[in-house]
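Residue numbering restarts at 1 for every chain, and letters A, B, ... go by the order of the sequence lines.
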Amino acid sequence: MTTKLVRQQTVITNAFHRNLIDWFRQHRRLLPWRNKRTPYRVWIAEIMLQQTRVDQAQPYFDRFMKRFPSLRSLAAAPREDVLKCWEGLGYYSRARNLHEAARHIARDHKGRFPRTREELLALPGIGPYTAAAIGSLAFQLPLAVVDGNVIRVLSRVFAIEEPASSSKTTRQVQEWADRLLLQEDPGTFNEAMMELGALCCTPRGPDCPNCPLRAICQAHKKGQAEAYPRKAPRKKIPHKLVAAGVIINSRNQILLAQRRDTDMLGGLWEFPGGKMEPGEDAVACLERELKEELGIRVRVGDELLVVAHAFSHFTMDLHAHWVKIISGRPRAIECADYVWTPPAQLRMYPMPRADVKIAEHVMARFADGTAT
DNA sequence: AATCCGGGGTG
DNA sequence: CACCCAGGATT
C-alpha cells in the first residue's frame, strides 16, 4: 500500500519534472544574472529581485556589476556610493543590508561566500527565499525557493484555499516545493518554477493551454486557475500631506539633510521637512519642522511644486517651498548630517524619488534664471 | 501571525 | 486614479 503510493507519487513527480524542465529549456529568458552564476552575482540579482520586477532590475544589475564587480569592491566602497547606485530602485534597506553583509563576509569569512543555509540566513537582508535561491543556484544545495511565483503556481496546482498572504499558505507551499524539488538540479528546478510563474502561470490571464503542468493542475481542472491564489481582503492605504523646504542661502547654495540610518529611507539625502499636523499648512509645518530638525528659524516663501507620490503603504502629496533662514545656523539635530550644495550638484546625492523630482525642478529654475 | 516597510507598473 | 504583486524584519 505504502509502496504503491510512493510509486504513484514518483510517477507524478517524474512527469512534473520532465514537463517543467522541458518547458523551461524552451522558454527561459536570457537574463544577465543567468550567465556566470557566481555566488556574488546570484546574491546581487536576488536582492534586487525582491519586490522588484525583472525589467526594472535589469539595468540596475548591469550598472551595479560595472560599479561593484566583486564582493571585495562592494565591501570596500563607501555606503554613499552603494546607495547612489541603488537610487530609484526603492526599498533602500536592501542596499544598506547588502553593503553591511558584504563587509561582514569580507571580514568574518575572509571574502569566501557563506555556503550553508544557516550562514546565509545570518546575513542581513537574507531570509528564507534568498537563502534558498543563493544556496540552490550558486551551491547546488537542495533548497526549494518560495517566492510569489511559486506560491501562485502551487496554489493553483493544489488548489490551495487559504489566501496567499497567510503564513499557513507559505508553510504549505514550502512543504510541497521541498517535496517536489528536483534533487539532481535544485537550481534549475527553482528557476523553472519561478519562470513558469513569470511567463505562463501569470497572475492574470494564465496561459493554461501551453502550461507544462496543466495535466496535474487542480485549479485548471476546475476551470478556475485565475481564482487562485485566493486573495485576502485588502485594507486601504492612508494619504499623507508632507512639506519640504528648498532652503537657499546668500551664495545660492541649497541645503540637503541626510536621513538617519535607522529611519525609513535611511542614509538618503532629502529636502528637509516633514508631515503636516492636523490643521497645519505647508508654511506652518516647515516653520515647525525646520526648527525641530535643524534648529533654524525660517521664512517660508512660494511653493515650487507639489509632488504626488505613491509608496508601498501610503500615498502622499509633497509640497515643496522656497525657504530662507531668518536666524540660527543649521545643526543636525533630527538628521544624520546636512550639506550646502550648489544646485548643479544636487544630483550627486542619493535621494528618494520624490526629492529627485524637486531637485530637477530646482535645477531647471536655476538654469533658466527664474529661481528666487 | 500580523504588521510594517515610504514601490512601481498597468488599465 | 484604482488596482495589483511582493521578501525580510520586527513585534
Nearest of C:dA6, B:dA1, C:dC5 to any side-chain atom of A:S167? B:dA1
Check the phosphate of C:dC4 against A:R53, side-chain N and O only, distance under 4.0 Å to OP1 or OP2. Yes or no? no
Can you see which heavy atom on A:W176 is nearest to which on A:L154, and at what distance? CB-CD1, 4.1 Å
Atom pair distance, as rounded to whole Å: CZ in A:R204 and P in B:dG11: 7 Å
Once you round it to whole Å, what is the distance between P of B:dG8 and OH of A:Y92? 6 Å
Among the nucleotides C:dG7, B:dA1, B:dG8, whichever has the atom closest to the side chain of A:Q50 is C:dG7
Expressed as a whole number of angstroms, how long is the span from A:W86:CH2 to B:dG7:P? 12 Å
Taking for each residue the nucleotide of DNA chain B with the nearest heavy atom, is it A:K275 or A:K168 whose nucleotide lies nearer the 5' end? A:K168
For the P atoms, the ones on C:dC5 and on B:dC5, what distance do you get once it is rounded to whole angstrom? 22 Å
Check every strand shown and say whether A:G88 touches a base, only sugar-phosphate, or nothing at a heavy-atom separation below 4.0 Å. sugar-phosphate
For A:A192 and A:W23 the tightest heavy-atom approach is O-CZ3, 4.2 Å
Contact class for A:I126 (heavy atom, under 4.0 Å): base, sugar-phosphate, or nothing? sugar-phosphate
Using the C1' atoms only, state how far B:dT10 lies from C:dG7, rounded to an integer number of Å. 22 Å
Between NE2 of A:H309 and C1' of B:dG9 the distance, given in whole Å, is 13 Å
From C-beta outward on A:R171, which listed nucleotide comes closest to its side chain: B:dG7, C:dG7, B:dA1? B:dA1
So which atom in A:V42 and which in A:A138 form the shortest heavy-atom distance, rounded to 0.1 Å? CG2-CB, 4.4 Å
Counting only side-chain N and O atoms of A:R353, is one of them less than 4.0 Å from OP1 or OP2 of B:dG7? no
Which of C:dA6, C:dG8, B:dG8 is nearest the side chain of A:N149? It is C:dA6
Heavy-atom distance under 4.5 Å between the side chains of A:L123 and A:H104, does that happen here? yes
Between A:I47 (CD1) and C:dG8 (C1'), how many Å, whole number? 9 Å
Quick check: on DNA chain C, is the nucleotide nearest A:Y91 upstream (toward 5') of the one nearest A:P124, or the reverse? Name the residue that is more 5'. A:Y91
Whether A:T130 contacts C:dG8 is assessed here as follows: a side-chain N or O lying under 4.0 Å from the phosphate OP1 or OP2. Is that the case? yes
When rounded to whole Å, the CZ to P distance for the pair A:R94 and B:dG7 reads 9 Å
Rounded to whole Å, the CG-P distance (A:N97 to B:dC5) equals 15 Å
For the student: nearest non-hydrogen atoms of A:A77 and A:F68, plus distance: CB-CE2, 3.4 Å
Considering only atom C1', compute the distance from C:dG8 to B:dG9 and round it to an integer number of Å. 22 Å
To the nearest Å, give me how far apart CD1 (A:I134) and P (C:dG8) are. 10 Å
Hey, does A:D55 reach any base, or is it just sugar-phosphate, or nothing, if we go heavy atoms under 4.0 Å? nothing
Contact check, side chains of A:R96 and A:L83, non-hydrogen atoms, under 4.5 Å: yes
